[in-house]
Amino acid sequence: MSISIQNVCWSAGDTMIVDGVSLNVAAGKTLGLLGPNGSGKSSLLRLICRLRQVKSGVIKLGESDISTMARPEIARRLALVEQQATTDAEITVKDAVRLGRTPHRGALSPWDARDEAAVNAALGQVGMTSKATQLWRTLSGGERQRTHIARALAQTPTELLLDEPTNHLDIQHQLELLDLVTRLPVTSVIALHDLNLAAMFCDSLAVLQGGRVVAVGPPETVLTETLVRDVFGVRARIEKSAVHGRHHIQYFVG
Ligand SMILES: Nc1ncnc2c1ncn2[C@@H]1O[C@H](COP(=O)(O)OP(=O)(O)OP(=O)(O)O)[C@@H](O)[C@H]1O
């Protein structure tokens with residue numbers, strides 16, 4: 001289903017954090033959300049899944065306004081992986097991934113073959129099958145990240161929101177994860193800091209600055225040397241990569 005964000009505002013006290021944002025993500029496509037620290041990316045992701053309430057504006061999943069949707073319905077279809085998700089519970093990797101099935105199960109319904117298949121598939125998709133019985137608290141940072149993503153995939157969402165999903169991952173797992181997510185038949189919004197990964201994998205990009213969208217469109221039109229200088233304060237040279245054909249950004253220091 002598509003995600004439509006129409007003139008959305010959210011403030012904390014008197015401070016406007018998300019300021020009149022309008023964005024559309026077509027069904028099955030991946031939008032990369034870029035912007036400096038504090039530009040409002042995480043806040044916007046939390047608004048999309050109604051962990052926060054918009055002050056004004058409308059967010060729709062397909063034709064449904066999320067402010068009118070029942071929470072269980074949102075939980076069944078939309079998965080969010082936040083930046084610093086953590087737990088102190090003594091649970092195994094597989095138990096953590098099983099939590100992704102919670103929205104699909106009634107209080108008394110037994111664990112069934114569909115639940116088991118979704119959990120096993122998700123563990124396989126992030127390369128965590130061999131760690132399924134390991135305690136979550138003993139995992140490395142990257143393994144924890146992949147487990148959280150597996151939990152979201154086990155939820156079999158139609159919309160997937162990922163906040164900096166690659167920040168603990170080695171380069172192989174960064175590439176595998178983004179390749180996986182962008183091939184899934186889901187509509188995704190991914191907050192990313194790595195402009196090269198955003199250019200390589202996203203169908204479109206939106207750049208936030210001070211809570212406002214300052215650029216939106218295909219990566220090759222959004223990522224310009226002027227934008228990188230004006231928004232991120234860094235001089236860059238941007239060329240079409242001879243390797244993958246997407247934009248490649250190289251940075252100047254000083
Ligand atoms: N509940 C809150 N109360 C006050 N300020 C808040 C609140 N939530 C977010 N902010 C502020 O809003 C701004 C945007 O935060 P947000 O986490 O959305 O940014 P971000 O773009 O995801 O940043 P980063 O790249 O560092 O993760 C920040 O300046 C943050 O301090």
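For ligands, and for the atoms within them, numbers begin at 1 and follow the listed sequence.
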I17 to ligand 1: N or O pair under 3.5 Å?
no
Does a salt bridge link K60 with D65, judged by any charged N lying under 4.0 Å from a carboxylate O?
no
Applying side-chain hydrogen bond (donor to acceptor under 3.5 Å, both in side chains) between D115 and each of H104, R101, R98, report the one that passes.
R101
Around atom CE of M16, are there more than 12 heavy atoms of other residues, nucleotides or ligands at under 6.0 Å?
yes
Under 4.0 Å from any heavy atom of N37, which atoms of ligand 1 are there?
23 (O), 24 (P), 25 (O), 26 (O)
Among all the protein's non-hydrogen atoms, which is closest to atom 23 (O) of ligand 1, and how far away is it?
G38 N, 2.8 Å
A12 and ligand 1 - part of the residue with a heavy-atom distance under 4.0 Å
side chain
Any idea which part of A191 is under 4.0 Å from ligand 1, heavy-atom wise: side chain, backbone, both or neither?
neither
Would H193 count as a contact of ligand 1 if the rule is a heavy atom under 4.0 Å away?
yes
Identify the protein heavy atom lying closest to atom 27 (O) of ligand 1, giving its residue, its atom name and the separation to 0.1 Å.
Q83 NE2, 3.1 Å
salt_bridge(R246, E239) N-O dist < 4.0 Å
no
Starting from atom 15 (O) of ligand 1, what is the nearest protein heavy atom, named by residue and atom, and what distance separates them?
S43 OG, 3.8 Å
Check ligand 1 against P36 and write out every atom of the ligand that is under 4.0 Å from a heavy-atom position of the residue.
21 (O)
Basic-acidic side-chain contact under 4.0 Å: R137, E90:
yes
Near G40 (heavy-atom distance under 4.0 Å), the atoms of ligand 1 are 14 (C), 18 (O), 19 (O), 20 (P), 21 (O)
Mark whether atom 13 (C) of ligand 1 lies under 4.0 angstrom from at least one protein heavy atom.
yes
shortest atom 8 (N) of ligand 1-to-protein heavy-atom contact is with W10 CH2, 3.8 Å
Output yes when E143 and K131 qualify as a salt bridge under the 4.0 Å nitrogen-oxygen rule, no when they do not.
yes
Co-membership, hydrophobic cluster, residues L51 and L47, 4.5 Å side-chain:
yes
Do any heavy atoms of G13 fall under 4.0 Å from ligand 1?
no
Short list, please: which atoms of ligand 1 are under 4.0 Å from a heavy atom of K41?
18 (O), 19 (O), 20 (P), 21 (O), 22 (O), 23 (O), 24 (P), 25 (O)
Does ligand 1 have an atom under 4.0 Å from some heavy atom of S39?
yes
Mind checking whether H173 and T166 have side chains closer than 4.5 Å, heavy atoms only?
no
In this structure, are over 12 heavy atoms from other groups packed under 6.0 Å from R212 atom CZ?
no
Any Lys/Arg nitrogen of E82 or R46 sitting under 4.0 Å from an Asp/Glu carboxylate oxygen of the other?
yes
Is there a nitrogen or oxygen of S42 sitting under 3.5 Å from a nitrogen or oxygen of ligand 1?
yes
With the threshold set strictly below 4.0 angstrom, can you tell me whether any protein non-hydrogen atom sits that near atom 31 (O) of ligand 1?
no
How close do K29 and V25 get, heavy atom to heavy atom, and via which atoms?
O-CG1, 3.6 Å
